[in-house]
Protein chains: 2
Amino acid sequence: MARASTTSDAFNAVAEPRRREILSYLAGAERPVGEIVEALGMPQPSVSKHLRVLHNVGLVHMRCQGRQKLYRTNAQAIRPLHEWAGTFERYWQHQLNRVKQRAEAMARESPQAMNVAAPKVQD
Amino acid sequence: MARASTTSDAFNAVAEPRRREILSYLAGAERPVGEIVEALGMPQPSVSKHLRVLHNVGLVHMRCQGRQKLYRTNAQAIRPLHEWAGTFERYWQHQLNRVKQRAEAMARESPQAMNVAAPKVQD
DNA sequence: ACATTACATTCCGATATAGGAATATGTCAA
DNA sequence: TTGACATATTCCTATATCGGAATGTAATGT
């Protein structure tokens, strides 16, 4: 099998850097496709294709207005991603604490050693 | 061009569901490959390949111990992802506030309408 | 009706996967 | 040394991309 399709979930959709750019651009306000094209300097068909992917996974909303289509980021759909990553927060805080505590211990025991290259410590 | 390589950054590496499983499993403690294989029920070569990808982008650390290799999630490497998603937090809060305010306004003005199907509102 | 504007879609080619099977590498134990 | 164990790598195939170019489609203006 090949890689999971990008239309399947937000994680895959967001893996593409240009789609992240589009999401950031559309976060604050509705914009027609033409403005995205101009602002981000991407070819129009490319933008349309990325918008289709984003729309399929619910990361953007769309509204028609005359011959324009106004797109806007659906921030709600990004929450699961934020929450998944947040799951690891206690672990990186724990790692930071260990680094901090080692640094303080070193400073107490041999302050003059603080200016030399630190040994590569196993965490 | 094809899709960006999964070895390039954390966003792509994390797009694969099985890799997310592995990261979660390795978040709290070091584990040898064999335990991952058993715990998650994936074929061993598959686990090794996913671990290579995760290691290449710095999402896991590795340490040799005899004939085993102990892997562990590097939670720090997940922070950029969390922060990127967090960028949108103010927008989804804003959306939630609007929903909440509309609900309260409706409750004040016509409490008996709260039990019928709400009109599809444009946000 | 016709031209124009605003987007979307299709066709194409190159490439990067993921998974399965088989095999290779490296480490310890008798 | 030989063998068992733990993990990594290679070979293979099917498929899902992304980008570019060209074309299709729908709404508006004259």
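The sequence lines fix the lettering, A, B, ..., with proteins before strands; numbering per chain opens at 1.
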Problem set entry | Pairwise 5' ranking along DNA chain D for A/Gly66 and A/Pro45, keeping only the more 5' one | A/Pro45

Seminar exercise, completed: Per nearest nucleotide of DNA chain D, the residue lying toward the 5' end, A/Ser46 or A/Gln65, is A/Ser46

Quickly work out the [X] [atom1] to [N] [atom2] distance and round it to whole Å.
{"X": "A/Leu40", "N": "D/dG19", "atom1": "CG", "atom2": "P", "answer": "13 Å"}
{"X": "B/Leu51", "N": "C/dG19", "atom1": "CG", "atom2": "P", "answer": "13 Å"}
{"X": "B/Asn56", "N": "C/dA16", "atom1": "CG", "atom2": "C1'", "answer": "15 Å"}
{"X": "B/Asn12", "N": "C/dA18", "atom1": "CG", "atom2": "C1'", "answer": "14 Å"}
{"X": "B/Glu30", "N": "D/dT7", "atom1": "CD", "atom2": "P", "answer": "13 Å"}
{"X": "A/Arg52", "N": "D/dT25", "atom1": "CZ", "atom2": "C1'", "answer": "14 Å"}
{"X": "B/Met62", "N": "D/dT7", "atom1": "CE", "atom2": "C1'", "answer": "10 Å"}
{"X": "B/Arg18", "N": "C/dT17", "atom1": "CZ", "atom2": "P", "answer": "17 Å"}

Exercise. Taking atom CD of B/Gln44 and atom OG of B/Ser46, what is their separation to the nearest 0.5 Å?
Worked result: 9.5 Å

Exercise. So how far is it from A/His50 NE2 to A/Glu21 CD, rounded to the nearest 0.5 Å?
Worked result: 9.0 Å

Exercise. In terms of heavy-atom contacts, does CD of B/Glu38 have more than 12 from other residues, nucleotides or ligands at under 6.0 Å?
Worked result: no

For this session: Please confirm whether A/His82 and B/Trp92 have ring centers closer than 6.0 angstrom.
Result: yes

Exercise. Counting side-chain heavy atoms from CB outward, which of C/dG20, D/dG19, D/dA22 is closest to B/Lys49?
Worked result: C/dG20

At a cut-off of 3.5 Å, list every protein nitrogen or oxygen paired with a nitrogen or oxygen from nucleotides 2-7 of chain C, distance to 0.1 Å.
residue	atom	partner	partner atom	Å
C/dT5	O4'	A/Arg67	NH1	3.3
C/dT5	O2	A/Arg67	NH1	3.2
C/dC7	OP1	A/Val33	N	3.3
C/dC7	OP2	A/Gly34	N	2.8

Seminar exercise, completed: Closest non-hydrogen atoms of A/Gly58 and A/Asn74, given as atom of the first, atom of the second and distance, are O-ND2, 3.1 Å

Exercise. Does the side chain of B/Glu83 pick up a donor-acceptor pair with the side chain of B/Thr87 at under 3.5 Å?
Worked result: no

For this session: Could you tell me whether A/His50 contacts a base, only the sugar-phosphate backbone, or nothing, with contacts defined as non-hydrogen atoms closer than 4.0 Å?
Result: sugar-phosphate

Problem set entry | Ring-face cation of B/Arg20 near A/Phe11 (centre distance under 6.0 Å, axis angle within 45°) | yes

